[in-house]
Number of protein chains: 2
Amino acid sequence: MSSRPAHIVIVEDEPVTRSTLASYLGSFGYRISECDTAEKAEKILAQNTADLLIADINLQGKDGLEITRELRARSEIGIILLSGRTDDVDRIVGLELGADDYVCKPFNRRELLARVKNLLRRTTAMRAMTRRVFRFNGFSFDVASRQVTDAAGHPIVLTRAEYELLRVFVTNPGAVMDRDRLIMAITHRQDGTNTRTIDVLVQRLRAKFGDDPKAPRIFTTSHGEGYVFTAQLG
Amino acid sequence: MSSRPAHIVIVEDEPVTRSTLASYLGSFGYRISECDTAEKAEKILAQNTADLLIADINLQGKDGLEITRELRARSEIGIILLSGRTDDVDRIVGLELGADDYVCKPFNRRELLARVKNLLRRTTAMRAMTRRVFRFNGFSFDVASRQVTDAAGHPIVLTRAEYELLRVFVTNPGAVMDRDRLIMAITHRQDGTNTRTIDVLVQRLRAKFGDDPKAPRIFTTSHGEGYVFTAQLG
DNA sequence: CATTATTTGTAAAAAATTGTTAACAGCGGG
DNA sequence: CCCGCTGTTAACAATTTTTTACAAATAATG
């Protein structure tokens, strides 16, 4: 019905809280991804499809505050922190790191929903306006307007799938991404799509960007693993 | 910090709280307007220069909740409510009316500052969207009067459906919108009209705005999903 | 090192989606 | 009532995505 449901990532190591929250928000039509550690969350966030992160402040290993710091440095995604403590200092630190909100447990889920709604209204509008342009090997890629130009300034036309794939690549430079993950990022249907689709799309990107698979400089094959974006971003 | 200091309006009938808050925020370079009633606040807000409203929930006459309701219906300004009570219900009502935040007194002013900063980061990006005249690729589109002119100033006449469609596009730049949503936006009914209507209307908009579907710069199709407005609004 | 199995590159066909044109029905104004 | 305009639908062409098939390349094995 609507354009595309907002994508919310929940990081919470307490299973009950996590699944309760996930099913509650999910019942309002949001697309939910759950996980229990910061590392798993970052994998999901790397796909750049998330609109909002709800993170517990107390996690094993890397905690919610650290995710906030790292994420805010490179993204305008909405961040809501959850905490068991109502300590002023904690709250202020979280907010000053750039978290949009800080909710203390036990929280009223209806209140959280209201905060989620209000924040999503802001972030989805903002995502459209923030203009990021990536440059590599003489090419220029404007994510918002979907325009690509080569070194001579001539436009290169990308199809939707090519655009989505390139977007995942440039936002994850140097990271090896397997085909399942790339499929998830580009396809709009969730039923089993053939992983070879990715190979074909990579081939088409290579053709449009003049990249030779035998001596790749931009889209490098990682045999048995997937593909890596190996161009130097400037 | 930014080109022009953000403008914050404070409505609070308790003089001490108000002036303390005003001078504190003012010391960080914000432009502050103080007042003690909703009516005076509305006068200031009518000038359309405000970025953020901080309102006490308990005011003589029209209270903070009522301001929120009325304001949110026509504006995307940031709203932070202040309250002496920590009642859950009050807070939820405020948030569901569209307030971005709800802070209980006595509040830590450093926390409030952090919330103000974070919210302003969101709203200043959004301010562009509350605008009523949109400019893109040399064209000018006045939503209220339905007037469109090209780069040379020559008028372009739109039909009702074309106008509605363009309005949805410019107010949701960068968002992929599926055909159902676009249909709902132009016909205000929900029943099953052929989705291909949208394709024809998009094609007509493209013709009038000189956009080539093979290398779109304004109305971009997102294969399998819908359409996106990808022109840069200026 | 030769052989084998697995993975990837490529081309082309098939399936799904969109672009385009044209025709039709409804509606309001003259 | 006729006329022009608008929104809608239908039909067909073009494009995009996905699948399929096979050649080439890489890794594994003895």
* When you match B:Gly226 and A:Pro213 each to their closest nucleotide on DNA chain C, which lands nearer the 5' end? ->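 Going by which nucleotide is closer to the 5' end, it is A:Pro213.
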For [N], does OP1 or OP2 lie under 4.0 Å from any side-chain N or O of [X]?
X	N	answer
B:Arg196	D:dA10	no
B:Thr159	D:dC5	no
A:Arg206	C:dG9	yes
B:Thr187	D:dG7	no

* Is the base of D:dT15 touched by the side chain of A:Arg204 through a donor-acceptor pair closer than 3.5 angstrom? -> no
Whole-Å distance separating the [atom1] atom of [X] from the [atom2] atom of [N]:
X	N	atom1	atom2	value
B:Asp211	C:dT20	CG	C1'	16 Å
B:Ile186	D:dT6	CD1	C1'	11 Å
A:Phe219	C:dG9	CZ	C1'	16 Å
A:Glu164	D:dT18	CD	P	11 Å
A:Ile198	C:dG9	CD1	P	12 Å
B:Asp199	C:dT20	CG	P	10 Å
A:Arg160	C:dT18	CZ	P	9 Å
A:Asp212	D:dA24	CG	P	16 Å

Touch class at under 4.0 angstrom, heavy-atom based, for [X] against every strand present:
X	answer
B:Val200	base
B:Thr221	sugar-phosphate
B:Tyr227	sugar-phosphate

* When you get a sec, tell me which of D:dT19, C:dT21, C:dT10 is the closest nucleotide to the side chain of B:Gln203? => C:dT21
* Asked: Among D:dA25, D:dG7, D:dT20, which nucleotide sits nearest the side chain of A:Lys214?
  -> D:dA25
* Asked: When the nearest nucleotide of DNA chain D is assigned to A:Val157 and to A:Thr195 on a heavy-atom basis, which residue is associated with the more 5' position?
  -> A:Val157
* Asked: Closer to the 5' end of DNA chain D via nearest nucleotide, is it A:Thr197 or B:Leu158?
  -> B:Leu158
* Does B:Phe169 offer a backbone N or O that forms a donor-acceptor pair with the side chain of B:Tyr227 under 3.5 Å? ->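 Pair absent, no side-chain N/O of B:Tyr227 close to backbone of B:Phe169.
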* Test: B:Glu66 and B:Arg69 ion pair at under 4.0 Å ->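 No, no charged N to carboxylate O under 4.0 Å.
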* Step by step, would you call A:Phe134 with A:Phe139 a ring pair (Phe, Tyr, Trp, His ring centres under 6.0 Å)? -> CA-CA 8 Å; A:Phe134 294 91; A:Phe139 296 98; over 10 Å; no
* Asked: Looking only at heavy atoms, which two atoms of B:Thr171 and B:Val168 are closest? And how far apart?
  -> OG1-O, 3.2 Å
* To do: Give the minimum heavy-atom separation between B:Arg217 and B:Asn137, together with the two atoms involved.
  =>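 Shortest heavy-atom contact: CB-ND2, 4.1 Å.
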* A:Phe219 six-ring face occupied by A:Arg206 cation (under 6.0 Å, within 45°) ->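 The answer is no, since A:Arg206 fails at least one limit relative to A:Phe219.
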